[in-house]
Amino acid sequence: MRKLAEKVALIAQICITLVFAITTLINLTTIINPDGGYENGNAAAPTVWQENSVLTSLMLVLFIAYLGLSAYMIYANFAERENLKRVLLFCDSESATRTNVKVVNKIINGCAKQAEGITVKKIRVREGTNKGFNLNLKVHVNADDVSQTIDTFRCLLTDCFDSILGLKFTEINFEVAKLNTRYAPNVVKAEQQADKLGGQREVVDEIYNEPIDNNVALPADTNDAEQKGDVQ
């Protein structure tokens, strides 16, 4: 559908451009006075715009339509790839089998019911960059471990699509739009770790600022020790 709209817009742009070109050519060759652009010595020759208000309105409408079509063509060529309505499952030289987005949504929602702590809010199927199809999901997660929940759901999707439709998505991307978690951080442990980091930072600062006078013992080089033993 999008390719057809782009073709129609391109043809309309070409037609409007031809109208502008022909009108400009007629205006330049027949309306302008060849003696210098003046009649009766002082008065300027009336142009086609002054003589025909209908033509002026028509050209204005065509100009606005041309701008609109140009904006659409820019959007169609640079905007993000549109969502697909149908997905090709398999084909050969004599047949092709496709499915629609409703079937894909049904499988995804069925997997979401079996996966704990995840709710699917938006589903988008798009064509991959090179080949295949990409599945993009916006989800709400109600769990303490987001990675475990997402991985479980992704494995369910992969198994269902492969087993039911024989379909493998090139990418399955998730966007966590909302998160509900009961996880509470251990403040005491965090404070202990912060104290430890502070002590390590003081030692590093001492070594960095006074590298010669510090009394920090460095580990002996095992290679030097082995070489000394061989020499003895």
Side-chain angles (χ1 to χ4, degrees), residues 1-17 61-62 64-184:
M1 183 63 183
R2 179 173 179 176
K3 297 296 182 182
L4 179 61
E6 291 178 3
K7 293 178 181 179
V8 173
L10 181 60
I11 294 174
Q13 275 188 320
I14 294 174
C15 295
I16 294 175
T17 304
V61 171
L62 290 178
I64 296 175
Y66 184 82
L67 290 180
L69 292 172
S70 300
Y72 172 76
M73 292 297 295
I74 294 174
Y75 171 79
N77 285 277
F78 292 96
E80 193 176 10
R81 297 184 300 274
E82 68 174 2
N83 301 328
L84 299 179
K85 302 299 182 182
R86 292 179 178 83
V87 178
L88 178 65
L89 299 179
F90 50 87
C91 65
D92 52 35
S93 60
E94 298 179 351
S95 176
T97 302
R98 295 178 174 85
T99 187
N100 55 34
V101 178
K102 292 182 179 180
V103 176
V104 175
N105 293 350
K106 183 177 180 180
I107 295 177
I108 294 174
N109 292 327
C111 293
K113 292 179 180 179
Q114 299 181 21
E116 184 178 357
I118 194 164
T119 304
V120 179
K121 291 299 180 181
K122 185 176 293 186
I123 301 172
R124 293 173 179 169
V125 180
R126 291 174 177 166
E127 186 177 356
T129 305
N130 296 324
K131 60 179 181 179
F133 303 97
N134 296 343
L135 179 62
N136 301 288
L137 302 176
K138 180 181 289 187
V139 297
H140 292 180
V141 178
N142 184 11
D144 295 338
D145 193 343
V146 175
S147 61
Q148 177 69 22
T149 304
I150 294 295
D151 289 341
T152 302
F153 185 50
R154 181 164 61 90
C155 292
L156 286 175
L157 293 175
T158 302
D159 179 63
C160 288
F161 279 110
D162 188 17
S163 301
I164 298 174
L165 298 177
L167 175 63
K168 292 184 178 179
F169 287 102
T170 306
E171 295 179 5
I172 301 180
N173 303 315
F174 296 89
E175 178 185 349
V176 180
K178 185 177 180 181
L179 175 63
N180 294 324
T181 179
R182 293 176 296 275
Y183 177 78

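None of the values given here were measured: they were computed from a predicted structure.
Identified under the salt bridge (charged side-chain N to carboxylate O under 4.0 Å, His left out) test for residues 102-122, with sequence neighbours left out: none.
Glu127 approaches Asn134 most closely through the heavy-atom pair O-ND2, 4.3 Å. Residues Gly132 and Thr170 come closest through the heavy atom pair CA-OG1, 3.5 Å. Nearest approach of Thr149 to Ala143, heavy atoms of both residues: OG1-CB, 3.3 Å. For the residue pair Val120 and Ala112, the shortest heavy atom distance occurs at CG2-CB, 3.9 Å. Scanning all heavy atoms of the two residues, the minimum distance from Arg182 to Asp144 falls at N-OD1, 2.8 Å. Residues Leu167 and Phe169 share a closest heavy-atom pair of CD2-CZ, 3.6 Å.
One N or O on the side chain of Asn109 and one on the backbone of Asn105 form a donor-acceptor pair closer than 3.5 Å.
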ask   = Are Ile118 and Thr152 close enough, and set up right, to give a side-chain contact (heavy atoms from CB on, under 4.5 Å), and what steps lead you there?
value = CA-CA 10 Å; Ile118 194 164; Thr152 302; over 6 Å; no
ask   = Going through the distances and angles, do Val141 and Asn180 end up as a side-chain contact (heavy atoms from CB on, under 4.5 Å)?
value = CA-CA 6 Å; Val141 178; Asn180 294 324; over 6 Å; no
task = Verify side-chain contact (heavy atoms from CB on, under 4.5 Å) between Asn142 and Thr119, making sure each step is shown before the conclusion.
result = CA-CA 8 Å; Asn142 184 11; Thr119 304; over 6 Å; no
Check against side-chain contact (heavy atoms from CB on, under 4.5 Å), Val87 and Leu165 = CA-CA 11 Å; Val87 178; Leu165 298 177; over 6 Å; no
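A 4.5 Å side-chain heavy-atom check between Asp92 and Ser95 finds at least one atom pair inside the cut-off. A 4.5 Å side-chain heavy-atom check between Asp145 and Tyr183 finds every atom pair outside the cut-off.
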